[in-house]
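Quick note: numbers below take in every heavy atom, side chains included, and nothing from hydrogens, waters or symmetry partners.
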Amino acid sequence: MLRLFHSIFGGDPGADRYPESLIREAVERAVDGTDPWLRGLSGYRRKLQPVVVHALDHVVALVDGLEEPLELSQRNYGSDPFLRLCFISNRQLDDLLQGDRELSALRSGTDTPASAWALLVMACEQRGAFGVDLAGETIVRDVAQVTVSMAGHRLLDPAPDLDETRRHLKRRAFDHLLSLALARIVAVEDVREDLLKRRTLLQAKHDMLESSRWGFGDSGRETPPIDEVHRQLDDIEAQLLEFGGDDRYIEKHLEILTDVLANAERALWAQPLPLIVDRMGIKRKTATTDTPELVLTELHNAAGQKLIARMVTIPPATT
């Protein structure tokens, strides 16, 4: 599979550059990553091929559109405002560099570690608070402020070569689209399973009421109207058809996968996040020499998750 993505993500976007054999493998990866039973549907490859190509083109453009790598090092911490915003201290930066397992594994077994490239991701947390501020030369208390901090720092796909890191990130982005599709499939299946259980219970009640019509005894209990049971059964059947009935729920899974890949730009995207934050971590409205405006890249997905992302290069010496 690494060969597959090395080949697909090795050139310029466009369906004409994807060999047919590799597109077939990418389609099979999409099926394996969501629902292997899709292979039982006639024409599943034909339906998935164009949306797989669309999704591949999207993740290529997404990763290639990230900023040029920034040096992630202690020596760069004091002079770079982005790093000062992302890390509260040089110690926190050092903890990330020394504690990252993938980076350590990459550099293990060599006496002279080479430079590495990776994607730095973290969550941007903005919280309302009341603090002290200056109005001219007057100290004002209980001022409404927004504090900005970064949390959950991670290095994704560190590699000794920038192109290799980008290839891994494109594979990661494509697989993330599949995970979003799978989450939707699972949610639909949960609803469908609940509907099937309710239908079974209602069908048992329906059968009981039907059989009681032919009896002579009187149970002494109020019997629910069978017309209402019919109505509830019809309602459940209609919902099951919407979520995929007994004979077409696999087709529903294919519809979900096709929809996510065909609309990849609405499932996973990047957008700029302008921020002006002073050295105390307080969000400001106006930039100054000491507090410049920074435009961060924030990755979003259709599940509502957000992460700040920045390509970084890590020199051999981090001191």
Side-chain angles (χ1 to χ4, degrees), residues 5 8-9 13 55-74 76-77 80-88 92-97 99-103 106 115-127 146-180 183 260-261 263-277 281 283 292-315 318:
F5 281 88
I8 285 182
F9 297 135
L56 292 174
D57 283 345
H58 173 66
V59 301
V60 167
L62 181 67
V63 174
D64 287 347
L66 296 172
E67 299 99 324
E68 287 301 307
L70 170 73
E71 181 180 307
L72 186 64
S73 65
Q74 292 184 1
N76 199 31
Y77 177 79
D80 192 280
F82 176 84
L83 292 182
R84 292 199 304 270
L85 171 62
C86 296
F87 298 92
I88 60 175
Q92 186 186 34
L93 171 57
D94 187 58
D95 287 344
L96 174 67
L97 294 175
D100 186 84
R101 292 183 179 180
E102 289 191 43
L103 182 61
L106 178 67
S115 295
W117 282 260
L119 184 69
L120 171 67
V121 296
M122 59 213 133
C124 180
E125 299 178 343
Q126 301 189 44
R127 297 187 177 93
V146 175
T147 62
V148 180
S149 61
M150 302 294 171
H153 302 71
R154 288 181 293 151
L155 294 173
L156 300 183
D157 299 320
D161 178 80
L162 177 58
D163 288 338
E164 183 178 349
T165 292
R166 284 178 171 152
R167 281 193 293 269
H168 282 285
L169 289 172
K170 291 165 187 176
R171 181 186 64 181
R172 180 185 293 271
F174 183 76
D175 285 349
H176 187 69
L177 293 174
L178 300 183
S179 72
L180 293 171
V260 170
L261 296 180
N263 297 282
E265 61 277 6
R266 286 189 282 177
L268 179 64
W269 70 96
Q271 67 182 51
L273 176 64
L275 279 177
I276 304 173
V277 182
K283 188 175 182 179
E293 180 179 49
L294 300 176
V295 181
L296 283 60
T297 296
E298 192 168 51
L299 297 178
H300 295 246
N301 71 10
Q305 298 170 318
K306 296 182 290 185
L307 285 176
I308 301 299
R310 181 64 194 262
M311 293 291 297
V312 294
T313 178
I314 307 162
T318 59

Trainee: Do the non-hydrogen side-chain atoms of Pro81 and Leu294 ever get within less than 4.5 Å of each other?
Mentor: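 Result yes, sub-4.5 Å side-chain heavy-atom pair found.
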Trainee: Does Arg266 offer a backbone N or O that forms a donor-acceptor pair with the side chain of Asn263 under 3.5 Å?
Mentor: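 No, the answer is negative, given that no donor and acceptor are paired below the 3.5 Å cut-off.
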Trainee: Nearest 0.5 Å, what's the NZ-CG distance between Lys306 and Leu299?
Mentor: 12.0 Å
Trainee: For Met311 and Leu169: C-alpha separation, side-chain torsions, deciding distance, then whether side chain to side chain contact (heavy atoms under 4.5 Å, CB included) applies.
Mentor: CA-CA 11 Å; Met311 293 291 297; Leu169 289 172; 3.6 Å; yes
Trainee: For Leu307 and Val121, work out which heavy atoms get closest and say how close.
Mentor: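 Minimum heavy-atom contact is CD1-CB, 4.3 Å.
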Trainee: Are the charged groups of Lys170 and Asp64 less than 4.0 angstrom apart, N to O?
Mentor: yes
Trainee: What pair of heavy atoms forms the shortest contact from Ala302 to Trp269, and how long is it?
Mentor: N-CZ3, 4.0 Å
Trainee: To the nearest 0.5 Å, what is the distance between CG (Leu70) and CG (Asp80)?
Mentor: 4.5 Å
Trainee: Does any part of the side chain of Leu83, heavy atoms only, come nearer than 4.5 Å to the side chain of Leu72, both counted from C-beta?
Mentor: yes
Trainee: Trp117 and side-chain contact (heavy atoms from CB on, under 4.5 Å): which single residue from Asp161, Asp157, Leu162 fits?
Mentor: Leu162
Trainee: Can you tell me how far the CG atom of Leu96 sits from the CG atom of Leu103, to the nearest 0.5 Å?
Mentor: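 It comes to 8.5 Å.
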Trainee: With the side chain counted from C-beta on, respond yes when Asp94 and Gln74 share a heavy-atom pair under 4.5 Å apart, and no when they do not.
Mentor: yes
Trainee: At what distance, to the nearest 0.5 angstrom, does CZ of Arg310 lie from CD of Glu68?
Mentor: 9.0 Å
Trainee: What's the shortest heavy-atom distance between Leu93 and Ser73, and which atoms?
Mentor: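 Nearest heavy atoms, Leu93 then Ser73: CD2-O, 3.4 Å.
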Trainee: What's the shortest heavy-atom distance between Ser149 and Arg127, and which atoms?
Mentor: OG-NH1, 4.1 Å
Trainee: May I ask you to decide if Phe87's main-chain N or O and His153's side chain share a donor-acceptor pair within less than 3.5 Å?
Mentor: no
Trainee: With sequence neighbours left out, write down each residue that passes salt bridge (Lys or Arg N to Asp or Glu O under 4.0 Å) with Asp100, or none if nothing qualifies.
Mentor: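 Expected list: none.
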Trainee: Testing the basics here: between Glu71 and Pro315, what is the closest heavy-atom pair and its distance to 0.1 Å?
Mentor: CG-CD, 3.9 Å
Trainee: Roughly how far, to the nearest 0.5 Å, is CE of Met150 from CD1 of Ile308?
Mentor: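 Rounded to the nearest 0.5 Å, the CD1-CE separation comes to 5.0 Å.
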Trainee: Taking all non-hydrogen atoms of both residues into account, name the closest pair between Pro158 and Thr165 and its distance.
Mentor: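 Heavy atoms only, the tightest pair is C-OG1, 4.2 Å.
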Trainee: Look at Lys283 together with Glu125 and state whether they make a salt bridge at an N to O cut-off of under 4.0 Å.
Mentor: no
Trainee: What distance separates Leu261 CG from Leu56 CG, expressed to the nearest 0.5 Å?
Mentor: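 One gets 8.5 Å once the value is rounded to the nearest 0.5 Å.
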